[in-house]
Asker: 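Questions regarding the structure given below will be posed in turn.
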Amino acid sequence: MNSRFPVMSDYPFKEIERKWQQFWESSKTFRTPVEVDTSKPKFYVLDMFPYPSGVGLHVGHPLGYIATDILARYKRARGYNVLHPMGFDAFGLPAEQFAVEHGVHPRITTEKNIDTMMNQLKSIGLSYDWDRQFSTTDVDYYRWTQWIFLKLYNSYYDQDETSARPIQHLIDQLTESDPDWSSKSDAEKEAVLSDHRLAYIADVPVNWCPALGTVLANEEVTHEGRSERGNHPVYKRALRQWMLRITAYADRLDKDLEDVDWPEPIKLMQRNWVGRSQGAYIDFSIPDSDEKIRVFTTRPDTLFGATYMVLAPEHPLVDVLTTDENRDVVNRYRTESERRTEIDRMTESKQKTGVPTGGFVINPAHSESIPVWIADYVLMGYGTGAIMAVPGQDERDWEFAEVFDLPIIRTVQPPNDFAGKAFLGEGRVINSGFLDGLEIDEAKKAAIAWLEETGSGEGTTIYKLRDWLFSRQRYWGEPFPILYGPDGSIRTVPETDLPVELPEMDDFRPAVSDDPDAPPRPPLSRAPESWRYVELDGVRYERELNTMPQWAGSCWYYLRFIDNKNADQLVAPEKEAYWMSPSGIDLYIGGVEHAVLHLLYARFWHKVLMDLGHVSTKEPFGKLFNQGYILAPVYRDERGLAVEATDVVDQDGHPAVEVQDQPNRLFTCNGQPVSQEYGKMGKSLKNAVSPDEINDEYGCDTLRLYEMYMGPLDASKPWSTRDIIGVNRFLRRVWRNFVGEDGSLLISTDAPSDELERALHKTIQRVTDDYERMSFNTAIAALIEFMPLLVALNTIPRTVAEVFILLLAPLAPHVSEELWSKLGHEESLAYEPWPTADERFLVEDTVTIAVQVNGRVRASIQISPSATEADVVAIAKSNENVARFLDGKEIKREIYVPGRIVNLVVGE
RNA sequence: GCCGGGGUGGCGGAAUGGUAGACGCAACGGACUUAAAAUCCGUUGGGCCCAACGGCCCGUGCGGGUUCGAGUCCCGCCCUCGGUACCA
């Protein structure tokens with residue numbers, strides 16, 4: 001510190017931050033003991049754990065982590081037992097793909113990336129209990145992921161109890177109630193059980209990418225029907241895959257959202273995803289056949305208007321209905337739609353297509369026959385894959401009817417001025433026999449009653465949610481604890497033999513092919529025989545060769561943090577009960593991108609675990625909060641491609657980062673004109689800013705403060721490196737006013753002035769309220785506003801100084817710890833009790849209130865808070881400017897809101 | 001298309017139905033300095049009146065409404081960012 005600039009304004013943040021990070025680590029300041037004093041209240045605050053990528057963090061990543069850290073520190077000071085852990089979601093495609101491309105084992109890259117990321121997290125002073133850190137790829141962890149899978153496999157959903165139960169219970173029931181059960185073969189029994197298990201194998205259409213040798217999730221397929229990675233063709237293909245019966249929980253996944261404190265938009269997204277829909281099944285009989293075709297409709301009231309039926313091209317009864325004359329055209333249509341990807345089928349603004357089967361079904365309402373068509377606007381995956389088409393009340397059906405000239409009957413009377421086509425509004429039922437004259441809701445009920453009476457249908461509720469495709473043909477995932485016998489029968493790996501470790505392999509690439517029909521050969525099919533084959537009770541079994549999807553590990557990690565070292569149990573019940581009750585995690589922060597899948601999958605597993613008695617709450621995440629994105633300017637060249645933001649300058653040669661928000665800037669990159677817009681910060685838009693740069697120049701206390709000061713936590717807001725200086729000035733000012741140039745403390749034992757004491761207590765109250773409601777930007781503003789009072793003093797009274805440091809500590813812990821220790825404290829301030837505002841200092845002697853005349857402010861007056869309304873109004877009226885506006889007018893009304901405002905309403 | 005979030009100074013933002021623009025950035029002026037940096041003090045939504053003190057008018061995307069009083073509540077639009085997409 002002997003540069004040519006004298007050390008006056010700069011505080012030694014690098015030394016301070018290094019010192020305290022080392023101190024916290026070596027003294028395990030933030031370790032949450034395995035056994036805590038359970039008489040104290042608890043606060044479990046969790047971040048959605050990250051995928052350890054190789055490129056490191058940008059300043060957008062830690063936004064949520066800083067927020068949870070502030071709350072963790074605040075709650076510790078308030079006397080809570082705080083559980084604040086961090087881990088890594090490390091299985092998955094990127095590591096595997098990197099491994100394939102560079103020939104490095106994914107475990108090596110993963111470990112290296114985790115290491116890098118932990119260092120980055122530690123360098124911003126996050127107060128995690130690192131003793132609880134783990135990765136989903138740790139054998140000790142995925143052993144329990146496999147264990148949960150066994151529970152899923154060995155359970156079924158009891159519709160009567162609306163709860164999962166051990167499969168043995170179902171077997172007992174069947175043995176008792178079904179006289180044929182005991183005479184069935186094992187395979188026959190298993191076929192029945194498989195229809196009930198929560199984990200089961202089924203032939204399902206999947207996104208199969210032969211070039212990558214794996215199935216892909218829908219999100220991994222582009223709109224052109226190609227793989228996001230590598231742009232290879234993807235085909236819809238039926239493959240035998242593991243599925244999880246999440247649909248059994250559809251109702252509870254929908255209903256239990258009522259009980260959680262989540263942002264409404266997120267709840268809504270989950271509800272939409274579950275897609276609960278009330279209506280009826282209606283059976284249409286086929287003439288001269290015993291077969292019936294069942295449709296689902298939300299509008300049973302419109303049955304009389306069903307003028308034709310449409311089946312999905314894949315519907316199993318298409319063959320039965322198709323006449324010989326139509327067979328060719330039907331088959332051609334089916335082949336065509338099969339070839340098109342589902343995404344193509346859903347492309348909008350496309351004219352409806354379809355072909356008649358030549359077959360007919362009977363409309364049960366009036367026993368007349370209606371033609372049956374197939375069309376790809378009907379999806380096999382929803383409802384029954386068949387609809388009754390009611391063009392009069394459905395836009396899609398109307399459109400189809402227009403194209404193919406099919407009859408249209410209105411069954412709801414539209415208003416006289418209605419000029420549209422299909423009518424979806426309210427009205428009275430017409431053309432519908434016994435339903436005529438009813439309102440739609442009544443007609444629905446009446447129609448369902450009639451269907452049930454006549455045996456031609458029933459009321460029902462269906463869901464859009466589909467079962468969860470749970471296998472991947474990849475190496476870098478959890479192996480299934482499943483074995484296949486020589487006859488193909490399934491046997492589970494005994495719990496005592498868990499974990500099933502991933503075998504060491506040199507070549508973990510999936511088998512790839514150009515042939516769309518090539519069978520999937522997952523990497524594990526090339527695992528050593530010693531791994532692939534297992535002998536149990538004298539029988540040689542082959543292991544399941546698929547692995548679990550990346551979501552698996554993140555479905556329950558929050559439970560393992562509670563008891564991460566437990567070798568005998570997933571989590572000890574009494575610890576789970578303490579940390580999870582009464583309503584799960586107290587605060588869960590993460591990005592909206594996980595609004596649906598992760599949160600839905602985790603809720604599903606949690607409910608299964610609850611049903612089976614392993615956890616005590618019905619929901620895992622009591623309170624959820626989504627942090628906003630950090631945006632940054634994106635510069636695009638004339639081709640629309642993003643260019644490195646750091647290479648962009650304006651017409652005067654200023655770097656773009658300094659003038660991004662100035663008007664009339666013409667930006668160029670290497671001489672080429674570029675346009676500016678705002679986009680989510682990240683590598684792909686080439687606008688990432690590394691936290692390391694900020695740490696280096698200003699320190700991480702400044703980084704933390706700036707990220708919180710930018711705006712509300714849940715809002716997306718643009719990063720502006722230029723603005724950082726504001727909060728940095730504040731911290732330097734704090735330092736300068738506490739520590740003299742010679743390093744001495746500018747602290748006195750004087751009693752604070754009354755004015756200072758009042759301001760201090762007001763600040764305590766503001767900051768405390770703001771922490772409670774996660775309004776960190778205004779908490780910082782309150783602290784900044786308090787500073788000038790200290791600047792005015794030569795020395796700061798110790799009592800004031802200590803409180804101020806404690807208020808600042810959650811936001812800027814390093815500089816606060818340093819000042820705290822300079823004040824002579826030997827312990828960390830992490831567990832110092834939180835300051836409380838003293839009511840005596842919060843009451844004001846005088847308050848300033850506004851005086852309005854007819855709602856317009858005309859004066860401010862000083863009054864005593866205890867002044868009576870009459871006094872206040874009198875003072876208000878006597879004000880010169882107010883009097884001017886009252887002059888010669890009649891006062892009609894006098895409104896006084898104590899401490900706020902006087903409004904005098906006058907006539908003309 | 002449907003569903004949801006959001007539009008407040010040059011910029012980020014603040015405001016339990018009660019004085020719109022706290023706090024910060026930028027800009028401008030001043031103090032200190034040989035000078036610069038840093039620091040400190042002040043001004044800063046727009047328009048108008050005043051020598052000054054001070055005062056008036058307009059202003060929270062647009063148009064209506066409720067209210068003594070609306071950035072905030074209600075109705076109808078526009079723009080923007082997300083989610084979703086033939087879900088019967």
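Residue numbers start from 1 in every chain, and the chains themselves are labelled A, B, ... in the order their sequence lines are given, proteins ahead of strands. Values reported hereafter were calculated over all heavy atoms of this structure, with side chains retained and with hydrogens, waters and symmetry mates removed.
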Asker: For the pair A:E894 and A:K877, find out whether any cationic side-chain nitrogen is under 4.0 Å from an anionic carboxylate oxygen.
Answerer: yes

Asker: Pairing check on B:G71: which nucleotide meets the Watson-Crick or G-U wobble criteria with it, both distances under 3.5 Å?
Answerer: none

Asker: Please give the nucleotide sitting opposite B:C40 as a Watson-Crick or G-U wobble pair, both distances under 3.5 Å, or none.
Answerer: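 Across all strands, the one nucleotide that pairs with B:C40 is B:G30.
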
Asker: If you assign each of A:S277 and A:I724 to its closest nucleotide in RNA chain B, which residue comes earlier from the 5' end?
Answerer: A:I724

Asker: Is atom NZ of A:K762 surrounded by more than 12 heavy atoms (other residues, nucleotides or ligands) closer than 6.0 Å?
Answerer: no

Asker: Tell me which nucleotide among B:G4, B:A26, B:G12 gets nearest to the side chain of A:R729.
Answerer: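 Shortest atom-to-atom distance from the side chain points to B:A26.
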
Asker: Send over the distance from A:E314 CD to B:C86 C1', rounded to a whole Å.
Answerer: 14 Å

Asker: Starting at the 5' end of RNA chain B and moving along, which residue's nearest nucleotide shows up first, A:V727 or A:G385?
Answerer: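 That would be A:V727.
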
Asker: Kindly give the atom pairs (protein nitrogen or oxygen, nucleotide nitrogen or oxygen) under 3.5 Å for nucleotides 64-69 of chain B.
Answerer:
| unit_1 | atom_1 | unit_2 | atom_2 | d |
| --- | --- | --- | --- | --- |
| B:C68 | OP1 | A:R893 | NH1 | 2.9 |
| B:C68 | O2' | A:N903 | ND2 | 3.3 |
| B:C68 | O2 | A:N903 | ND2 | 2.4 |

Asker: For the residue pair A:W719 and A:Y706, is the inter-centroid distance of their aromatic rings smaller than 6.0 Å?
Answerer: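 Yes, the ring centres sit under 6.0 Å apart.
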
Asker: Which atom pair, heavy atoms only, marks the closest approach of A:T307 to A:P371?
Answerer: O-CD, 3.5 Å

Asker: List, with names and distances, any nitrogen or oxygen atoms from the protein found under 3.5 Å away from nitrogen or oxygen atoms belonging to nucleotides 14-16 of chain B.
Answerer:
| unit_1 | atom_1 | unit_2 | atom_2 | d |
| --- | --- | --- | --- | --- |
| B:A14 | OP1 | A:N777 | ND2 | 3.0 |
| B:U16 | O4 | A:R900 | NE | 3.4 |

Asker: If we take the P atom in both B:G55 and B:A20, what is their distance in whole Å?
Answerer: 14 Å

Asker: Can you build the contact string for nucleotides 42-59 of chain B? Use B for base contact, S for sugar-phosphate-only contact, and - for no protein heavy atom under 4.0 Å.
Answerer: -------------SSSS-

Asker: Between B:G65 and B:C49, how far apart are the two P atoms, rounded to whole Å?
Answerer: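 Comparing P positions in B:G65 and B:C49 gives a spacing of 32 Å.
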
Asker: Distance check needed: B:C86 P versus A:W373 CH2, whole Å only.
Answerer: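 Taking atom P of B:C86 as the reference, CH2 of A:W373 is at 21 Å.
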
Asker: From the list B:U39, B:C23, B:G13, which nucleotide is the closest neighbour of the side chain of A:E785?
Answerer: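 Of all the options, the side chain of A:E785 is nearest to B:C23.
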
Asker: Nearest 0.5 angstrom please: A:F776 CZ to A:L705 CG, how far?
Answerer: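 CG of A:L705 is found 12.0 Å from CZ of A:F776.
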
Asker: Which heavy atom of A:G385 sits nearest a heavy atom of A:V378, and at what distance?
Answerer: O-CG1, 3.6 Å

Asker: Are the ring centres of A:W262 and A:F625 closer than 6.0 Å?
Answerer: no

Asker: Go ahead and name the base partner of B:U80; Watson-Crick or wobble counts if both distances stay under 3.5 Å, otherwise write none.
Answerer: B:G5

Asker: May I have the distance from A:L705 (atom CG) to B:C25 (atom C1'), rounded to whole angstrom?
Answerer: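 Atom CG in A:L705 sits about 14 Å away from atom C1' in B:C25.
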
Asker: Can you tell me, in whole Å, how much space there is between the C1' of B:G10 and that of B:G4?
Answerer: 31 Å

Asker: Ignoring backbone atoms, test whether A:S716 places a side-chain nitrogen or oxygen under 4.0 Å from the OP1 or OP2 oxygen of B:G6.
Answerer: no

Asker: When you check the glycosidic angle of B:G9, does it come out syn, meaning within 90° of 0, or anti?
Answerer: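 B:G9: syn glycosidic orientation.
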
Asker: Could you check if a side-chain atom of A:R299 sits within less than 4.5 angstrom of a side-chain atom of A:V390, using non-hydrogen atoms only?
Answerer: no

Asker: Mind checking the C1' distance from B:C25 to B:U43? Whole angstroms is fine.
Answerer: 16 Å

Asker: Between B:A14 and B:G45, how far apart are the two C1' atoms, rounded to whole Å?
Answerer: 15 Å

Asker: If every non-hydrogen atom of A:P391 is compared with every non-hydrogen atom of A:G305, which pair is closest and at what distance?
Answerer: CD-O, 4.0 Å

Asker: Could you check how far CH2 of A:W273 sits from C1' of B:U84, rounded to whole Å?
Answerer: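 That distance rounds to 9 Å.
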
Asker: Select one nucleotide: of B:A88, B:G24, B:C25, the one nearest the side-chain heavy atoms of A:I784.
Answerer: B:G24

Asker: Tell me the partner of B:A22, counting only Watson-Crick (N1-N3 plus N6-O4 or O6-N4) or G-U wobble (N1-O2 and O6-N3) with both under 3.5 Å; none if nothing fits.
Answerer: none

Asker: Does the Lys NZ or Arg CZ of A:K352 fall within the cation-pi geometry relative to A:F400 - under 6.0 Å from the ring centre and within 45° of the axis?
Answerer: no

Asker: Rounded to whole angstroms, how far apart are CH2 on A:W719 and P on B:G24?
Answerer: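 Interatomic distance, CH2 of A:W719 to P of B:G24: 19 Å.
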
Asker: Using the P atom as the point on both nucleotides, what is the distance between B:G59 and B:G5, in whole Å?
Answerer: 28 Å

Asker: For B:C40 and A:R736 - does any side-chain N or O of the residue sit under 4.0 Å from the phosphate oxygens OP1/OP2?
Answerer: yes

Asker: Counting just side-chain N and O atoms, does A:R733 come under 4.0 Å of either OP1 or OP2 of B:C40?
Answerer: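 True: A:R733 side-chain N/O within range (under 4.0 Å) of B:C40 OP1/OP2.
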
Asker: Applying a 4.0 Å non-hydrogen cut-off, can you work out what A:S860 is touching in the nucleic acid: base, sugar-phosphate, or nothing?
Answerer: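 Base: the residue A:S860, judged by heavy atoms under 4.0 Å, touches a nucleobase.
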
Asker: Taking the same atom, P, in B:C57 and in B:G71, what whole-Å distance lies between them?
Answerer: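 Straight-line distance between the two P atoms is 16 Å.
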
Asker: Between A:I895 and A:R893, what is the shortest heavy-atom contact and its length?
Answerer: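 Minimum heavy-atom contact is CD1-NE, 3.9 Å.
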
Asker: When rounded to the nearest Å, what value does the distance between C1' atoms of B:G21 and B:G13 take?
Answerer: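 Roughly 9 Å separates the two C1' atoms.
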
Asker: May I ask you to check whether A:Y308 and A:F404 place their ring centers less than 6.0 Å from one another?
Answerer: no

Asker: Does B:U39 have OP1 or OP2 sitting under 4.0 Å from an N or O in the side chain of A:R732?
Answerer: yes

Asker: In plain terms, say whether A:R736 and A:E741 are close enough for a salt bridge, that is, a side-chain N and a carboxylate O under 4.0 Å apart.
Answerer: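 Looking at A:R736 and A:E741, the cut-off is not met.
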
Asker: Just checking A:I725: base, sugar-phosphate only, or nothing, at a heavy-atom cut-off of under 4.0 Å?
Answerer: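 The residue A:I725 makes sugar-phosphate contact but no base contact.
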
Asker: Are A:Y698 and A:F13 an aromatic pair, judged by ring center distance below 6.0 Å?
Answerer: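 No; A:Y698 has its ring centre 6.0 Å or more from that of A:F13.
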
Asker: Looking at every heavy atom in both A:Q278 and A:T298, which two are closest together, and how far apart are they?
Answerer: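 Heavy atoms only, the tightest pair is O-CG2, 3.6 Å.
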
Asker: May I ask you to say what A:K464 touches in the nucleic acid, namely base, sugar-phosphate or nothing, with a heavy-atom cut-off under 4.0 Å?
Answerer: base

Asker: Whole Å only: how far is the CZ atom of A:R722 from the C1' atom of B:C11?
Answerer: 6 Å

Asker: Given atom OH of A:Y382 and atom P of B:A88, what is their separation to the nearest angstrom?
Answerer: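 A:Y382 atom OH is separated from B:A88 atom P by 4 Å.
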
Asker: Identify which nucleotide among B:A22, B:A88, B:G83 has an atom closest to any side-chain atom of A:M269, counting heavy atoms from C-beta outward.
Answerer: B:G83

Asker: Could you tell me the separation between the NZ atom of A:K717 and the P atom of B:G5, rounded to a whole number of Å?
Answerer: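 Roughly 18 Å, once rounded to whole Å.
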
